[in-house]
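Within every chain, numbering begins at 1; the chains are lettered A, B, ... in the order of the sequence lines, protein sequences first and strands thereafter. The analysis underlying the following values was restricted to heavy atoms, covering all of them including side chains, and did not include hydrogens, waters or symmetry mates. Just so we're clear, the structure is a prediction, and the values are computed from it rather than from any experiment.
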Amino acid sequence: MPELPEVETTRRGIAPAVVQQRIVDVKVRERRLRIPLTPDTERAVLGQWIQAVERRGKYLLIALERGVVLVHLGMSGSLRLVAVDTPPRRHDHVDLVLGNGRCLRFHDPRRFGLVHWIESPAEAHPLLCHLGPEPLSEQFDGQVLYQRAAKRRCAVKTLIMDSRVVVGVGNIYANEALFLAGIDPRRAAREVSIEQYQALAERIRQVLSAAIEQGGTTLRDFVREDGNPGYFAQALRVYGRDQKPCVICGAPIVQTRIAQRATYFCTQCQH
DNA sequence: CACAAGACCTGGCAGC
DNA sequence: TGCTGCCAGGTCTTGT
């Protein structure tokens, strides 16, 4: 699913329709999410006005008058805006029914995602308080990566996917950014130079920004708030391209596994 | 502290 | 047409 660009695409899609709306009903069809959805969430949320829709890493924060609804899309989740009378489909677990006759509907076949109400301040919540900087903010650069890499023998790919180091970089965009930066994903994090980390940080920002502009990457599950896919999949240079020619040098892209995750790279272009 | 591996789930697909 | 096994965009927890 959803890495940062898909979550940001969802945020931008739903915000105009839900901000300044009142939650007039909450329908829960499945409580067994990553965090079980308890009745106090419904009780707390009902009748409140939505103030804003923000994002922290891959979490969506629906800010209410009192507290915040945290939404995470896990691997297979999506949020859609539908008319109130739209019949639910399989795996449509939660509806927030709004005063304007629309409904924010959470769908997640694998149930790795969550919908969870918390009291403010959200930043202090255990799910959010250890998160690293936002990759598209001023707080993030090559220096941050280099410092955090200091004692770490894990692969550089694993480092940039660690949400305590930087948020939002999932498996697809980690592969893509390392390709664009010309860095072998298997390299030990502490062996990578500051110059290379500066290039890598720049490429992470670039690939995430480009993906947001395209509405994210749809491989199978992800849909935008209007039910349409994102279009960045066609721009992927290495992810999913095992044995296909490198777009730079033509050598076959190689697939391997790093920390249990599919990893794609060009042995000619990445060192 | 750093790291690897397992756990959580369902659905889609390849191969037999 | 089944059935089986493997794979998938993400974290969190456990054990070394």
Side-chain angles (χ1 to χ4, degrees), chain A residues 1-10 29-37 55-60 70-79 89-94 106-116 125-132 135 147-178 186-191 204 207-208 211-212 214-224 229-243 255-264:
Chain A
M1 138 34 251
E3 302 185 32
L4 185 149
E6 293 73 42
V7 179
E8 179 61 18
T9 294
T10 298
R29 299 177 198 86
E30 175 60 80
R31 298 189 178 277
R32 295 171 300 165
L33 305 178
R34 188 175 117 204
I35 296 176
L37 202 165
R55 180 187 57 72
R56 180 74 178 97
K58 297 173 191 167
Y59 288 89
L60 281 170
L70 274 185
V71 178
H72 196 289
L73 301 179
M75 292 276 262
S76 59
S78 57
L79 276 177
R89 297 192 290 192
R90 192 159 152 76
H91 306 303
D92 283 344
H93 304 316
V94 184
F106 175 76
H107 173 90
D108 185 12
R110 290 175 73 182
R111 289 190 276 123
F112 286 0
L114 60 88
V115 176
H116 180 61
H125 191 273
L127 287 173
L128 303 180
C129 67
H130 298 297
L131 295 179
Q147 283 167 357
R148 298 300 303 268
K151 288 170 293 185
R152 300 192 55 174
R153 356 167 150 246
C154 66
V156 57
K157 176 168 180 261
T158 306
L159 181 85
I160 62 173
M161 291 179 66
D162 183 343
S163 63
R164 292 165 305 181
V165 174
V166 57
V167 296
V169 183
N171 199 34
I172 295 179
Y173 300 112
N175 279 292
E176 295 296 308
L178 285 159
R186 300 167 299 181
R187 295 255 319 268
R190 59 179 183 179
E191 312 285 326
I204 288 171
V207 74
L208 294 178
I212 291 169
Q214 295 293 305
T217 299
T218 296
L219 296 181
R220 51 186 75 81
D221 297 324
F222 178 70
V223 289
R224 306 172 58 158
Y231 295 105
F232 196 71
Q234 60 201 53
L236 297 176
R237 290 165 171 89
V238 286
Y239 184 85
R241 297 194 65 246
D242 186 28
Q243 305 283 70
Q255 177 178 359
T256 182
R257 287 192 96 72
I258 295 176
Q260 328 269 65
R261 313 301 299 274
T263 302
Y264 303 87

According to the Watson-Crick and G-U wobble definitions, with both distances under 3.5 Å, which nucleotide is paired to C:dT11?
B:dA7
Spacing between [X] atom [atom1] and [N] atom [atom2], to the nearest angstrom:
X	N	atom1	atom2	result
A:Asp92	B:dG11	CG	P	13 Å
A:Leu73	C:dT11	CG	P	10 Å
A:Leu33	C:dT11	CG	C1'	14 Å
A:Asp162	C:dG10	CG	P	13 Å
A:His130	B:dA2	NE2	P	14 Å
A:Gln255	C:dC6	CD	P	15 Å

Write down the atom of [X], the atom of [Y], and the distance for their closest heavy-atom approach.
X	Y	answer
A:Gly170	A:Lys58	CA-NZ, 3.7 Å
A:Pro109	A:Ser76	CD-O, 3.4 Å
A:Ala262	A:Asn175	O-ND2, 3.5 Å

Considering only side-chain heavy atoms of [X], which listed nucleotide, [options], is closest?
X	options	value
A:Arg90	C:dG10, B:dC3, B:dG11	B:dG11
A:Tyr239	C:dA8, B:dA2, C:dG10	C:dA8
A:Glu3	B:dC3, C:dA8, C:dG10	C:dG10
A:His91	C:dA8, B:dT10, C:dC12	B:dT10
A:Arg111	C:dG10, B:dC9, B:dC3	B:dC9
A:Arg257	B:dG6, B:dA2, C:dA8	C:dA8

Quiz question: going by heavy-atom distance under 3.5 Å, is there a donor-acceptor pair between the base of C:dA8 and the side chain of A:Arg220?
no
Donor-acceptor pair (no angle test) under 3.5 Å: A:Arg110 side chain, B:dC9 base:
yes
Given DNA chain C, 5'-ward residue of the pair A:Leu131 and A:Leu219, judged by closest heavy atom
A:Leu219
Look at the rings of A:Tyr173 and A:Phe232 and say which category their plane angle falls in: under 30° parallel, 30 to 60° tilted, over 60° perpendicular.
tilted
Parallel, tilted or perpendicular, judged at 30° and 60°: which one describes the rings of A:His107 and A:His91?
perpendicular
Whole-angstrom distance between B:dC9 and C:dC3, as gauged at atom P:
24 Å
B:dC8 base stacked by A:Phe112? Criteria: ring centres under 5.5 Å, plane angle under 30°.
yes
Determine the contact category for [X]: base if any of its heavy atoms lies under 4.0 Å from a base atom, sugar-phosphate if only primed atoms, P, OP1 or OP2 are that close, otherwise nothing.
X	value
A:Ala259	nothing
A:Arg164	nothing
A:Asp221	base
A:Tyr59	sugar-phosphate

Kindly say if [X] contacts the phosphate of [N], meaning a side-chain N or O under 4.0 Å from OP1 or OP2.
X	N	result
A:Arg153	B:dA2	no
A:Arg261	C:dG10	yes
A:Arg34	B:dC9	no
A:Lys151	B:dC1	no

Starting at the 5' end of DNA chain B, which residue's closest nucleotide do you reach first, A:Pro109 or A:Thr158?
A:Thr158
Do A:Asp162 and A:Arg148 meet the salt-bridge criterion of a basic N to acidic O distance under 4.0 Å?
no
